[in-house]
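Note on naming: letters A, B, ... go to the chains in the order of the sequence lines (proteins, then strands), and numbering restarts at 1 for each one.
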2 protein chains.
Amino acid sequence: MRKPELAAAIAERADLSKDKASQVLNVIIDEITETVSKGNDVTLIGFGSFTVRERAARTGKNPQTGKPLDIPASKTVAFKPGKALKDAVSK
Amino acid sequence: MRKPELAAAIAERADLSKDKASQVLNVIIDEITETVSKGNDVTLIGFGSFTVRERAARTGKNPQTGKPLDIPASKTVAFKPGKALKDAVSK
DNA sequence: CTTTATGCGTAAGCCAGAACTCGCTGCGGC
DNA sequence: GCCGCAGCGAGTTCTGGCTTACGCATAAAG
């Protein structure tokens with residue numbers, strides 16, 4: 001499933017125009033992105049939470065040359081499924 | 001950040017009432033939950049993708065008693081950040 | 001609304017360390 | 001007041017990181 005399909009589903013379920021639904025979807029993505037980029041977690045109860053995770057520097061390897069590769073520390077976003085979501089997929 | 005706050009932010013940015021924003025938020029969560037529970041991936045370009053992941057059975061351990069614990073196979077939801085999201089948090 | 005053009009996302013292959021998983025309980029958010 | 005989330009410990013699974021090419025999505029225009 002991709003963006004337009006989700007937007008369409010939202011439009012139907014929430015009684016919105018598809019344009020509005022698409023706009024809202026983009027706004028949400030933007031808002032969440034902005035929030036986590038500030039280092040704040042986003043928790044949607046019943047769904048899950050987005051957490052900013054510090055990734056320690058380590059030594060990797062270039063898959064093509066096989067040479068050791070220095071990978072600096074970085075940040076990433078981790079998602080932890082909530083109970084409802086876990087139950088839903090486990091079914 | 002939690003649900004009501006996100007709803008408020010959406011309401012402001014997308015020119016919606018807070019009630020409507022909250023409703024839309026729930027619908028989205030519900031829709032995504034339903035979709036992944038069917039085994040379909042959800043891809044929001046520029047944000048990331050939700051993937052259903054099969055988890056093999058293995059032998060774990062109860063942290064409190066230290067006794068071996070039999071963990072059966074199950075499914076879970078994995079989130080993979082997209083480029084825009086990674087760029088945003090890395091900043 | 002459909003098409004076009006551009007720009008991302010996905011996939012694969014390899015390897016090392018890192019993150020996630022589990023049950024249970026307290027505590028805090030709802 | 002109640003449900004959901006965080007945290008612990010150890011092992012295993014899994015992702016990240018690079019690069020190329022292809023396919024599809026996105027956004028804008030007719």
Original post:
Rounded to whole angstrom units, what separation is found between the CZ atom of A/Arg58 and the C1' atom of D/dT15?
Top reply: 8 Å
**OP:** For A/Ser22 and A/Lys18, indicate whether the former's side chain and the latter's backbone hold a donor-acceptor pair under 3.5 Å.
**Re:** no
Original post:
So what does B/Lys3 touch, heavy atoms closer than 4.0 Å: a base, only the sugar-phosphate, or nothing?
Top reply: nothing
Subject >> For atom CG of A/Leu44 and atom P of D/dC3, their distance in whole Å >> reply: 21 Å
**OP:** Could you check whether A/Ala78 gets within reach of a base, just the sugar-phosphate, or nothing at all, counting any heavy atom under 4.0 Å?
**Re:** sugar-phosphate
**OP:** Tell me which of B/Arg2 and A/Thr59 sits closer to the 5' end of DNA chain C, going by the nucleotide each one is nearest to.
**Re:** A/Thr59
Original post:
Separation of A/Ile45 atom CD1 from C/dC30 atom P, in whole Å?
Top reply: 5 Å
Original post:
Base, sugar-phosphate, or nothing: which does A/Thr43 touch, judged by heavy atoms less than 4.0 Å apart?
Top reply: nothing
Original post:
Looking at A/Val89 and B/Thr76, what are the two nearest heavy atoms and their distance?
Top reply: CG2-CA, 4.3 Å
Original post:
Hey, does B/Pro4 reach any base, or is it just sugar-phosphate, or nothing, if we go heavy atoms under 4.0 Å?
Top reply: nothing
**OP:** Answer yes or no: are there more than 12 heavy-atom neighbours, outside B/Lys3 itself, under 6.0 Å from its atom NZ?
**Re:** yes
**OP:** Rounded off to whole Å, could you give me the CG-to-P distance for the A/Asn62 and C/dC15 pair?
**Re:** 12 Å
Subject >> Rounded distance in Å - NZ (B/Lys86) to P (C/dT10) >> reply: 11 Å
Original post:
Nearest-Å distance, CD1 (B/Ile29) to P (C/dC30)?
Top reply: 12 Å
Original post:
Of A/Ile71 and A/Glu5, whose closest DNA chain D nucleotide lies nearer the 5' terminus?
Top reply: A/Ile71
**OP:** Measure up the A/Phe50 and B/Phe79 rings against each other and bin them: parallel (under 30°), tilted (30 to 60°), perpendicular (over 60°).
**Re:** perpendicular
Original post:
Nearest nucleotide by nearest heavy atom, which residue falls closer to the 5' end of DNA chain D, A/Asn26 or B/Arg53?
Top reply: B/Arg53
Original post:
Charged N to carboxylate O below 4.0 Å: is that the case for B/Arg13 and A/Asp30?
Top reply: yes
Original post:
Atom NZ of B/Lys80 to atom P of C/dA12: distance rounded to whole Å?
Top reply: 10 Å
Subject >> Upstream residue (5' side of DNA chain C) when B/Thr76 and B/Pro81 are each assigned their closest nucleotide >> reply: B/Pro81
Subject >> Rounded distance (Å) that lies between atom P of C/dC22 and atom NZ of A/Lys83 >> reply: 14 Å
